[in-house]
Amino acid sequence: MTYLMGIDIGGTMVKAAIYDMEGNEVAVHGEKLHISYPHSGQNERDMYEVKDMSLKAIKDVIEKAGIQDGKEILSIGITGQGNGAYMVDKDGAPTWPGILSSDARSKGYIKKWLTDGTFDSVFPQIRNKLWTGQTSPIVAWFKDHEPEVLNKTAHVGSVKDYIRYILTGNFVCEITEASSWNVVDMATGQYADNLFEAFGIADYKHIFPPIIESCETGGTITAEIAGLTGLAEGTPVVGGLFDISASILSAGIVEENQLGIIVGSWGINSILKKDVVDDKDIFMQYYYGLPGYISYMEGSSTSASTQEWFIDTFMERSKDVYATYGKMVDSTLYKNSVFFLPFIYDSNVNIDAKAAFIGLQNDHTIADMMRALFEGVVFCHKMHISRLLPYCDNPSVVRMAGGATRSEVWMQMFADILGIRVEISQAEELGAMGVALCAGVNAGVFDSLQDAAKKWVKIKKVYEPDTEKHAYYEKKYAAYCAIIDAMDPVWSQIESLKE
């Protein structure tokens, strides 16, 4: 037997999955990762823990699969939470804890670059908005606040680049994620000196790793790692994919008329095109992984993680949160006056926006608040999607990914609010499967990623929109947008109260 492996280092878990040649998930194993919050807006994790848990997940999944000879695993793909900053010295030792993409320490830099003309000057090359969790503004922050850290740093990349380095001893990055860092010229797919200069980090260009393709070999398993995990020395580890590309690809998004959505820590909304567009309202335009395709992505950290926050803060966690709280939402009337702005961690409307419940009265219950939270997340997705629709010719279907796809109530709500049929992929570990497809192309199992997706992606559930509910939600969404507009001049005043 032969297999492919995919590894996904997410916001809370690292998971390793093994697939047979028909795309069946033979085994999966996950290990918990922890996040620390040293200061307000700073989100970090222990890089040694990331390393240890990744190696444990690999070792344990091989044992679960009953694989006796590591050579049966033909190739390995890696994905993980995108951007952030994982920095190591010339010997591979971390020079600072890993920084997650939800980190906001660079907020002041983003505000400055948006107002002093920097963003306008670089946009024709980067085609991305600026946001706090990107690798380049984090490096700029360290230049001013912890320069000795950068002076010790030999390599900086994302979490998947770090783990690929641990497995192979070779530090590289790959094009889908590198093109989101705002130091890559989208016309060439290569780093541009003037972009490093624009962000004030030209002196540190050398720590940014070489860029490879998603299905290209980024290194091979070392003898040391083979002994620790059960993998075979010399097994190729490919470039892999930006986590959003990995999940969207394994949901089957390989054509221009499809809309892909991820409902997870981030709310991701994506379409495919063959060229970049001169539109500063689109959050991100990056290389998708399919040759010749660019992904237009709209997203923010305003999605299912808000439910996690609400449950952990105000409720008792049940064994199956999606079934329990989906049932709670289903017990309420869908016609109600409660709104939720899902800006606990981030915002897609104003950099200073905060979360809020609006419209509460004495007859409302916590179940009504949970319904408003579900709706608020979908409304936030809908606002993102509205920025993509001018470039997507009336999508007839939405392919959904992310943990929230386990909630039937939430998925039906997406169909009702968007007014589009929602389809759920059969794959459970979409990120790991997405990069396993890259590994398969690398190993010659597939002719291309399109071929891989066609052979492996299967749909297990379909949700059709309710026309009556859709009509009601159109009215409620209009009110949601009116609230957003009314609050826009107030957020800066609220933010100033923290000073």
Side-chain angles (χ1 to χ4, degrees), residues 11 37 39-43 81-84 99-115 119 128-134 137-138 141 180 182 244 261-270 279-284 297-310 313 338-359 369 372-388 402 404 417 476-499:
Y37 307 95
H39 301 286
S40 177
Q42 296 186 8
N43 301 338
Q81 188 182 59
N83 279 260
I99 299 172
L100 282 73
S101 62
S102 51
D103 190 273
R105 73 187 68 203
S106 69
K107 186 176 180 178
Y109 293 80
I110 302 301
K111 286 185 173 182
K112 176 179 179 294
W113 294 334
L114 289 175
T115 57
F119 173 65
N128 288 311
K129 287 189 175 181
L130 307 179
W131 50 282
T132 56
Q134 286 171 307
I138 293 173
W141 185 92
S180 76
N182 288 346
I244 54 181
I261 297 178
I262 303 173
V263 190
S265 298
W266 268 63
I268 303 297
N269 312 274
S270 184
D279 187 342
K280 293 179 182 177
D281 286 334
I282 296 177
F283 184 72
M284 189 180 294
M297 192 278 277
E298 269 289 321
S300 53
S301 184
T302 54
S303 195
S305 55
T306 59
Q307 185 201 41
E308 295 287 316
W309 163 81
F310 189 80
T313 305
V338 186
F339 293 81
F340 178 66
L341 309 186
F343 308 142
I344 292 294
Y345 302 105
D346 192 10
S347 164
N348 67 332
V349 295
N350 184 306
I351 196 170
D352 291 325
K354 306 292 186 292
F357 282 98
I358 295 173
M369 296 173 74
L373 187 151
F374 273 40
E375 292 174 348
V377 168
V378 185
F379 286 157
C380 201
H381 277 270
K382 183 177 174 67
M383 183 172 285
H384 281 301
I385 291 167
S386 69
R387 297 168 186 159
L388 298 176
I417 290 176
K476 189 163 188 177
Y477 176 68
Y480 173 87
C481 292
I483 292 169
I484 296 295
D485 291 341
M487 289 296 297
D488 192 62
V490 181
W491 295 124
S492 62
Q493 297 178 46
I494 296 174
E495 177 71 7
S496 68
L497 298 175
K498 294 165 57 178
E499 298 175 354

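Only this structure's heavy atoms are used, side chains among them; waters, hydrogens and symmetry mates stay out. As the structure is a computational prediction, the values presented were derived from the model and not from experiment.
- In this structure, the side chains of C380 and Y480 come closer than 4.5 Å at one or more pairs of heavy atoms.
- Remark: the N43 side chain and the S102 side chain contain an N/O donor-acceptor pair separated by less than 3.5 Å.
- Here the CH2 atom belonging to W131 is positioned 5.5 Å from the CD atom belonging to Q134, to the nearest 0.5 angstrom.
- Of all heavy-atom pairs between S303 and V263, the closest is OG-CG1, 3.3 Å.
- Pairs of residues two or more places apart, or lying in two chains, that qualify as side chain to side chain donor-acceptor pair (under 3.5 Å) and include a residue from residues 482-494 are N350-D488.
- Side-chain atoms of L373 and M369, non-hydrogen and from C-beta on, never get closer than 4.5 Å to each other.
- Put simply, CE on M284 and NZ on K129 are 11.0 Å apart, with the number rounded to the nearest 0.5 Å.
- From S347, atom OG reaches atom CG of L341 across 9.0 Å, with rounding to the nearest 0.5 Å.
- Looking only at side-chain heavy atoms (C-beta outward), S305 and I344 stay at 4.5 Å or farther from each other.
- Take K476 and apply the side-chain hydrogen bond (donor to acceptor under 3.5 Å, both in side chains) test, not counting sequence neighbours, and it matches N336, E375.
- Contact of the K107 side chain with the D352 side chain is registered, since non-hydrogen atoms from C-beta on lie closer than 4.5 Å.
- No side-chain donor-acceptor contact under 3.5 Å links S101 to the backbone of G84.
- Summarising the geometry, atom OG belonging to S180 is positioned 9.0 Å from atom CZ belonging to F283; distances are rounded to the nearest 0.5 Å.
- Nearest heavy-atom pair, M383 versus C481, reported as atom, atom and distance to 0.1 Å: CE-SG, 3.9 Å.
- Contact of the E298 side chain with the I385 side chain is not registered, since no non-hydrogen atoms from C-beta on lie closer than 4.5 Å.
- F340 is not listed as a side-chain neighbour of F310, based on a closest heavy-atom distance of 4.5 Å or more.
- Here the closest heavy-atom approach between residue A404 and residue A304 is recorded as CB-CB, 4.2 Å.
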